[in-house]
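Input: a single structure, listed below in structure tokens.
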Amino acid sequence: MSKVRLLDKHTAELIAAGEVVERPSSVVKELVENCIDAGANVITVEIKHGGSTYIRVTDNGEGISPDDVPTAFLRHATSKIRVGADLDSISTLGFRGEALASICAVSRMELVTRTAENDAGVHYVIEGSDEVVNEETGCAVGTTIIVRDMFYNTPARRKFLKSDKTEGNAIAAVIDRVALSHPEISFRFVREGRETLLTPGDGKLRSAIHAVYGREFTSGLIPVKYSYQNVSVEGFVSKPVNSRPNRAMQVFFINGRYVRSNTMQRALEEACKGAVMIGKFPACVLGISLDCSAVDVNVHPAKLEVRFTEERPIYEAVYFAVKSALTEFDSPRDVELPPARRVSTSPNMHEYGGVQINLAQSVRSEAIRNRAERSLGNSEISASGPKPATVFEIPNVSDPDVAASSLRTGYTPPPPTYEQSVRAAEPEIHGTLPPAFSDNADGRNPDVREENLQTAPADEEIQTADSFIMPEYKITGEIFNTYILVESGGELILIDKHAAHERLIYERLIKQRENPDSQMLLTPLPVTLDKNQYDAVTQSIELLAGAGFEVEDFGMGTVLLRSVPTILSGDDAEGAFLEIAGQLRAGQTTVTTEKIDWIYHTIACKSAVKGGDRNLPSELAELVLTLINNPDVRYCPHGRPIFVSLKQREIEKYFGRIQQ
């Protein structure tokens with residue numbers, strides 16, 4: 001008996017529909033693309049219950065003639081191509097002739113359409129691929145398609161649909177991308193009876209971006225326009241300072257079709273290399289125009305991936321386009337800083353940038369002056385007063401980095417010796433520790449034992465950092481503004497200050513899980529997200545509140561931050577939140593405990609002292625003391641070691657002081 005059977009027409013159509021229609025957003029994408037191919041310049045999309053029960057797409061395009069209506073719902077029926085050779089130069093968004101057939105196989109569809117040549121239109125109803133109504137009706141030129149009860153005849157598929165909110169956001173993401181790729185078309189999106197998007201359709205890409213992503217995102221963009229080897233690139237890229245913590249806002253189009261392309265993504269990021277911080281990514285809306293024969297769009301069932309006959313011209317066109325835009329619109333401006341000038345008869349008083357500096361106070365005591373004299377071997381330093389240029393020099397104002405460092409920290413860069421930088425600079429800074437290093441108002445960590453804290457004696461007896469003794473430990477300095485050097489017995493311990501501080505903050509957040517410490521912002525901070533991130537965030541509002549973020553759904557892809565964890569500074573709050581949004585989007589199927597750990601990791605990383613930051617010796621000492629009192633802290637939240645040690649014997653081997 002034969003085991004191979006020919007499937008019936010209905011079953012075959014259900015299987016084929018699964019390749020095209022995965023969820024309501026797939027339906028909207030296919031229908032809107034048909035509207036664009038029909039020449040419409042006004043398109044309206046309306047949905048209810050996330051599109052699972054009701055989708056209506058209306059356009060003012062050329063319409064469908066009465067004779068073609070029944071044929072349009074048959075599989076592989078299309079007006080876009082005629083023969084196989086046409087696949088080599090596809091210029092339309094649709095071409096396979098599968099969309100309408102796949103949609104009607106799993107839903108109840110209703111169509112009303114009229115062409116300009118006909119006085120009457122057509123009302124056509126089809127359910128599960130079976131024609132129900134085909135009659136004349138009065139209507140305007142164009143087409144309206146209504147899709148009801150998706151997967152009504154395939155309940156196994158219907159149960160895999162996500163919540164109405166998630167499905168609605170997926171549809172919104174589709175419309176956002178189509179609106180950006182066709183700024184000449186006015187798109188209107190009505191969701192649950194509320195208009196959430198309306199683009200002007202004036203042909204200006206900046207107007208479409210403003211309508212989709214808002215004013216704040218648009219203001220951080222610079223224009224891109226470039227041609228290279230018959231490839232044209234036009235659009236916008238974010239300024240380096242407006243980079244994002246993930247790639248969610250990188251949007252690429254090929255001949256008006258939204259695509260995912262590693263080639264263009266690599267070119268974009270390589271062009272921004274050196275201008276964008278490590279761990280950040282540029283945002284963009286870039287459209288690439290090239291000969292249709294140079295790109296194959298018939299690769300992916302959803303037509304999201306393409307192949308190029310030659311990738312090199314595409315890569316170089318995007319690279320040079322972005323590089324040229326950054327050079328032209330984001331080049332550094334020349335800033336002339338006024339020279340330091342004397343502001344009184346005293347030889348030690350100068351003014352720089354509106355700040356008065358008393359050079360005589362750069363050495364605060366006879367004891368320190370004597371140490372400086374011994375260290376430098378300079379006989380010109382005397383009790384009558386130091387020569388300023390010997391101990392501290394006015395920053396070279398021609399070097400903006402030095403000047404900015406001086407103004408930012410409140411003291412000048414360290415002189416040649418570490419001892420002088422410790423005690424000559426520290427009196428110029430307030431003695432309180434920053435909040436990131438302390439758990440309470442007086443700057444002391446309650447876990448640090450009082451007997452372990454050193455109290456500074458009088459000036460004549462001040463101990464420098466290289467002799468700051470703790471029980472069994474001695475802080476000997478810091479290298480690369482990143483690693484603290486601690487001598488302990490016969491070992492040299494190198495502590496990564498960022499990893500250590502990050503882990504300590506993470507442990508503190510874990511302890512505050514039930515009652516997170518947050519601060520309300522004076523002005524709510526609006527954050528623009530792509531629709532997938534927006535969906536993940538709005539579904540995780542309670543989870544975020546448990547980490548100290550009070551988030552309010554503002555609609556249209558924007559949320560308001562009303563409160564943030566106290567440990568985060570204002571500058572870090574938005575960056576941390578964007579990174580968390582990307583993590584939530586990527587991990588929507590993970591359990592809540594893993595999500596909250598992600599959030600704590602990000603908060604700790606953003607708020608911890610950074611490698612390369614300049615910190616006072618007292619701050620580093622506080623960090624080391626806290627580590628001593630928390631011996632279980634050995635790795636950062638990402639698993640990197642906090643410290644490594646070199647035994648004295650190993651060091652002496654390197655220098656040949658002992659035999660191998």
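Quick caveat: nothing in here was measured; it's all calculated off a predicted structure.
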Open item on the list: Ring centroids only, cut at 6.0 angstrom: are Phe73 and Tyr124 within range, meaning strictly under it?
Closed with: yes
Task: For Leu544 against Ile580, the heavy-atom pair lying closest together - done: CD2-CG2, 3.8 Å
Task: Salt-bridge present (Glu33, Lys29; N to O < 4.0 Å) - done: yes
TODO: Could you point out which residue of Thr528, Asp553, Thr558 forms a side-chain hydrogen bond (donor to acceptor under 3.5 Å, both in side chains) with Tyr534?
DONE: Asp553
TODO: Could you tell me whether the side chains of Arg191 and Asn169 share a donor-acceptor contact shorter than 3.5 Å?
DONE: yes
Open item on the list: With a 6.0 Å cut-off (strictly less than), is the heavy-atom count around CG of Asp202, excluding the residue itself, greater than 12?
Closed with: yes
TODO: Hey, could you give me the CG/OG distance between Asn255 and Ser181, rounded to the nearest 0.5 Å?
DONE: 11.0 Å
Task: side chain to side chain contact (heavy atoms under 4.5 Å, CB included) between Leu100 and Leu74, intermediate numbers included - done: CA-CA 8 Å; Leu100 293 180; Leu74 299 178; over 6 Å; no
Open item on the list: Minimum heavy-atom separation for Ala547 and Ile599, please, with both atom names.
Closed with: CB-CG2, 3.4 Å
Task: Residue pair Glu127 / Met109, side-chain heavy-atom distance below 4.5 Å - done: no
TODO: For the residue pair Asn246 and Gln533, establish whether any side-chain heavy-atom pair is separated by less than 4.5 Å.
DONE: yes
Task: Pair Asn118-Val141, side chain to side chain contact (heavy atoms under 4.5 Å, CB included): steps then yes or no - done: CA-CA 9 Å; Asn118 293 281; Val141 174; over 6 Å; no
Task: NE2-CD distance between His123 and Glu110, expressed to the nearest 0.5 angstrom - done: 3.5 Å
TODO: Provide the closest heavy-atom pair for Gly63 versus Thr115 in the form atom of the first, atom of the second, distance.
DONE: C-CG2, 3.7 Å
Task: Heavy-atom side-chain proximity of Phe554 to Pro524 below 4.5 angstrom - done: no
TODO: Rounded to the nearest 0.5 Å, what's the gap from OH on Tyr228 to OH on Tyr319? Could you check?
DONE: 11.5 Å
Open item on the list: Between Glu167 and Met150, does the side chain to side chain contact (heavy atoms under 4.5 Å, CB included) criterion hold? Intermediate values first, please.
Closed with: CA-CA 12 Å; Glu167 296 296 346; Met150 276 197 63; over 6 Å; no
TODO: Examine the side chains of Glu46 and Tyr54 and answer whether a donor and an acceptor come within less than 3.5 Å of each other.
DONE: no
Open item on the list: What I'd like to find out is whether the side chain of Pro526 reaches to under 4.5 Å of the side chain of Leu560, using heavy atoms alone.
Closed with: yes
Task: Interatomic distance, Ile254 atom CD1 to Ile288 atom CD1 [nearest 0.5 angstrom] - done: 4.5 Å
- [ ] Have a look at Asn60 and tell me which of Thr44, Val42, Thr143 forms a side-chain contact (heavy atoms from CB on, under 4.5 Å) with it.
- [x] Val42
Task: Closest non-hydrogen atom pair, Pro240 against Ala275 - done: CB-O, 3.3 Å
Task: Whether over 12 other heavy atoms sit under 6.0 Å from Glu135 CD - done: yes
Open item on the list: With a 4.5 Å cut-off on side-chain heavy atoms, are Ser186 and Leu198 touching?
Closed with: yes
TODO: Please name the pair of heavy atoms, one in Pro24 and one in Leu161, separated by the smallest distance, quoted to 0.1 Å.
DONE: CD-CD2, 3.7 Å
Task: Close side-chain approach of Phe281 to Met249, heavy-atom, < 4.5 Å - done: no
Task: Single hit among Leu525, Val559, Val564 for side-chain contact (heavy atoms from CB on, under 4.5 Å) with Phe577 - done: Val559
TODO: May I ask you to check whether over 12 heavy atoms, not counting those of Glu195, lie within 6.0 Å of atom CD?
DONE: yes
- [ ] Evaluate whether atom CD of Glu552 has more than 12 neighbouring non-hydrogen atoms of other residues, nucleotides or ligands under 6.0 angstrom away.
- [x] yes
Task: From CZ (Arg312) to OG1 (Thr263), nearest 0.5 Å - done: 10.0 Å
Open item on the list: Is it the case that the side chains of Thr602 and Gln583 hold a donor-acceptor pair, with the cut-off being a distance below 3.5 Å and no angle test?
Closed with: yes
Task: Residue pair Tyr213 / Val251, side-chain heavy-atom distance below 4.5 Å - done: yes
Open item on the list: Checking salt bridge (Lys or Arg N to Asp or Glu O under 4.0 Å) between Glu579 and each of Lys280, Lys606, Arg244, which is the one that passes?
Closed with: Lys606
Task: Side-chain touch Val551/Leu561, heavy atoms, less than 4.5 angstrom - done: yes
Open item on the list: Is there a side chain to side chain contact (heavy atoms under 4.5 Å, CB included) between Glu192 and Lys48? Walk through the geometry before answering.
Closed with: CA-CA 5 Å; Glu192 312 298 341; Lys48 295 179 181 178; 4.1 Å; yes
TODO: Identify which one of Val259, Leu180, Leu286 satisfies the side-chain contact (heavy atoms from CB on, under 4.5 Å) criterion when paired with Phe253.
DONE: Leu180
Open item on the list: Between Asp291 and Ser293, do the side chains contain a donor N or O and an acceptor N or O under 3.5 Å apart?
Closed with: yes
- [ ] Mind listing the closest non-hydrogen atom pair of Val106 and Asn153 along with its distance?
- [x] CA-OD1, 3.5 Å
TODO: Kindly compute the distance separating CG (Leu584) from CD (Gln539), expressed to the nearest 0.5 Å.
DONE: 10.5 Å
